[in-house]
Amino acid sequence: MQAPTRDNGPDTVIEDGAPDAAATAPLQRHHTRTVLLAGVALLIVMLLLCGYAYQRQRAQLQLAMHDQATLTQQALEMRLDLVRNHVAGMRYAVERALRWPVLADGGFVDRVQQRNLSPVRGAPWERLPADLVREVGALHMHPDAAFDAAALRRDLNAVSAALPAVVSLHGSTPTLWSSYYLDSTQRWRLGYPPQAHDERLKASGANDMATALQNLWPGAAIQPVALTQAAQKAQRASVWTAPFSSPKGLGVALLAPVLLGQEQLGVVGADVGLDLFDFVLVQHAPTIGRALVVNAEGQVLGDSGGALTQAKAPLRLTDVVPGAGTPWSDASPDPAWQRLTLRGGDLFLLLYQPPAALRSAALGPLKPYFALVLVVVCALGALVYWQNRHFTLPALQLVQYAHQLDQSPQRKAPPAPAAWAPWFAQLAQSARERHTLMSATLRHARQQQSEQDSRQAEVDNGAAALAQAQAELQTCQQQLVRAERQAALGPVVTKATQTLLPLLGEAQQTANTVHQHNERLQQGLLHGAPADELQQQALALDQATVALGKQLQGMAPVLAQLRQASTDPTRETPRRFALHTLAEQVLGQLPAAVRREGIHLVNGIPRDIELLTRAQGCGQLLGQALAQTVAQAFNASAEGIVRLSARATRRDDGVDVVLLQITDNGNSHACVVPEHTQRALVQGALGGSVAHQVEQGANVCTITLAQFIDPPAEAATPPSPALPELPSA
């Protein structure tokens, strides 16, 4: 069946089909190579992170094992210190009694002979009463040896000094098997707990006591005297023997020499079971591997794994851990072993950590992370495959299609990929819809442009109206300042009105009289009145005119004061002046009610303080503040001082100001400057503020004045018309 063909014009024909696979092969290989390299890089990074996590977990495990081994070492040393202290105490007691026999119990042998009813040499030790045997232990002697009675008595009395401590310790320490003293010639032995003659022979595996005294336990061949002599040459206080087997189980002995000067008289020792080590190791068993206690010969004294529980004979380390080598030596390089030395002897605590167990313990907590890594890798692989199938391959086909279209000399479109054919149709439909939408959008844009032009014209008109409103607002603000000023003139106008009303009434009457005399004079002139009558009328008119002039002159000071008070300080041009000089002028012009007797006005303002501000407004403020201060702080007959002071400073915002203070010692009162005066005069004209406080019993009114006020750059508003000048008399 022939594939359908769509004709998009004389130069372009799109035919359904798929491009050649070889055309997209290079691009696909490049893409595949890039994806593989990115995946390998990601896998390497994740493996490195996993390796770091594994090494960190392994180091933490080893550190935890080392801390646990340290605790086990401390617990073992506590148990071993008990045995060492016991043997050292026995040795000290015997040597002390040998050096100072006077301090020893000299009646020990006598009491034994009295209870036995026979000499020590001839009576078996087993014939002693049971209570005495529990106190003194068991004495085993060589049957054929010759004894010096005095030396034997001395040595027995010396050994008896250690018996009380031995009896007490054996009663509280079950792991301590026996404690004993053996003379250096191995002719007699005193041991505790008591051991019968037959028991000693059985334990030593001998037929007579002479052979039994040679070894501690059967088959061990332990020579106590030779071991202590070797320890003495090595400058050691005690020595641990090799482990041996006994009817009680496996044990080990701690021996110490007994010296009298440089001569060794005997050996003291204590036998302990190996369960002393096993108890501590099992209680502090490591979580990984096992802990062991060995001596310098590699013989095992304790095992946390319980290898010595069923053992009948001493074991070596290679019997417990095959192929262990010699990890107790300093030259052992095996990292699976940790060695800790136990003080007081050639005993070592070994911690064995099998590499396989350590790896398993380190990898165990990391298994969730490894599973998460595997899941992430699989998810990324699936995402790459899905993206390659649904996006990358179609994109490569589209790129190849565009390339073939550009390279076609006839500008004829190659066959479209099958995956993109529906999209091409949708694209054409979208282009037609976009063209229609574009036309509608352009029409709408033209309409919006016309509306915007009309709105812009409205905005321009509104801006002009706003500018006019701002100008009107500024005019209203100026009128408001003037209104505030007029409000401050209220008391002055009231007082002036009260003074002017009677004067205006009299002046009105006098003016009426002048008018009447003038009319009479004019009527006389018109009607030809006699000269005397006209002269009288003229004289009366002159007198009335003079009286009116005097009355107007009386009103002139009041009108001048009112005109001065009504002057708007905001219209005044700032000028430079000295504040001290201005204060002197204000003090000289104060009314008599302020400068009355008993009120002392002191000008303490420095002469070097100058201001560039409105001098007339500053003088009005200072005069009003002084008058109000005197009126509020002092009664009619009171006396006091009002002091003026000032200093120049700079505020936090960088503005230079002058602090003018009016201080009085009168009655407590409120701020002397009213609110409307502060707004109109202080804030509006002088650019400052007013504050009032009480300091050390005195009233202080602080007026802050701007030290520099720039004069207006533009022409000032024409001043308001002043009051008309009164005619002179």
Pair Leu582, Leu611 - check side-chain contact (heavy atoms from CB on, under 4.5 Å), show working.
CA-CA 10 Å; Leu582 179 65; Leu611 283 79; over 6 Å; no

Over 12 foreign heavy atoms within 6.0 Å of CG, Asp652
no

When you compare the side chain of Phe708 with that of Glu610, does any pair of heavy atoms fall below 4.5 Å?
no

Separation between CG of Asp453 and CD of Glu458, rounded to the nearest 0.5 Å
11.5 Å

Side chains of Leu590 and Leu601: does their closest heavy-atom pair fall under 4.5 Å?
yes

What's the separation between atom OG1 in Thr581 and atom CD1 in Ile605, rounded to the nearest 0.5 Å?
9.5 Å

Shortest non-hydrogen separation from Val673 to Ala625 and the atoms involved:
CG2-CB, 4.5 Å

Looking at Gln696, I want to see if its CD is surrounded by more than 12 non-hydrogen atoms of other residues, nucleotides or ligands under 6.0 Å.
no

For residues Leu621 and Leu660, determine if any side-chain heavy atom of one lies less than 4.5 Å from a side-chain heavy atom of the other.
no

Hey, does Cys701 have a side-chain heavy atom less than 4.5 Å from the side chain of Thr629?
no

Ignoring hydrogens, what is the shortest heavy-atom contact between Ser689 and Val682? Give both atom names and the distance.
N-CG1, 3.5 Å

Hey, could you give me the OG/CD distance between Ser668 and Gln632, rounded to the nearest 0.5 Å?
10.0 Å

Report the distance from atom NE2 of His669 to atom CZ of Phe634, rounding to the nearest 0.5 Å.
7.5 Å

How close do Val658 and Ala646 get, counting heavy atoms only, and between which atoms?
CG1-CB, 4.2 Å

To the nearest 0.5 Å, what is the distance between OG on Ser450 and CZ on Arg455?
10.0 Å

Steps toward side-chain hydrogen bond (donor to acceptor under 3.5 Å, both in side chains) verdict (Gln429, Arg432)
CA-CA 5 Å; Gln429 181 66 25; Arg432 289 190 293 270; 2.6 Å; yes

If you take all heavy atoms of Thr702 and Gln661, which pair is closest and at what distance?
OG1-NE2, 3.6 Å

Is there side-chain contact between Asn603 and His580, with heavy atoms separated by less than 4.5 Å?
yes

Are Cys618 and Val586 side-chain neighbours, meaning at least one heavy-atom pair lies under 4.5 Å?
no

Rounded to the nearest 0.5 Å, what separates atom SG in Cys671 from atom CD1 in Ile703?
8.0 Å

Verify the neighbour count for atom CZ of Arg607: are there more than 12 heavy atoms of other residues, nucleotides or ligands below 6.0 Å?
no

Grab the two heavy atoms, one from Ile641 and one from Asn665, that are nearest each other, plus how far apart they are.
N-OD1, 3.1 Å

Nearest heavy-atom approach of Ala670 to His692 is O-NE2, 3.8 Å

Give the intermediate values and the outcome of side-chain contact (heavy atoms from CB on, under 4.5 Å) for residues Thr613 and Leu705.
CA-CA 9 Å; Thr613 184; Leu705 302 175; over 6 Å; no

If you apply the rule side-chain contact (heavy atoms from CB on, under 4.5 Å), what do you find for Ile662 with Leu644, and how did you get there?
CA-CA 5 Å; Ile662 304 175; Leu644 295 177; 3.6 Å; yes

Would you check if the side chain of Asn699 reaches a backbone N or O of Asn667 as a donor-acceptor pair within less than 3.5 Å?
yes

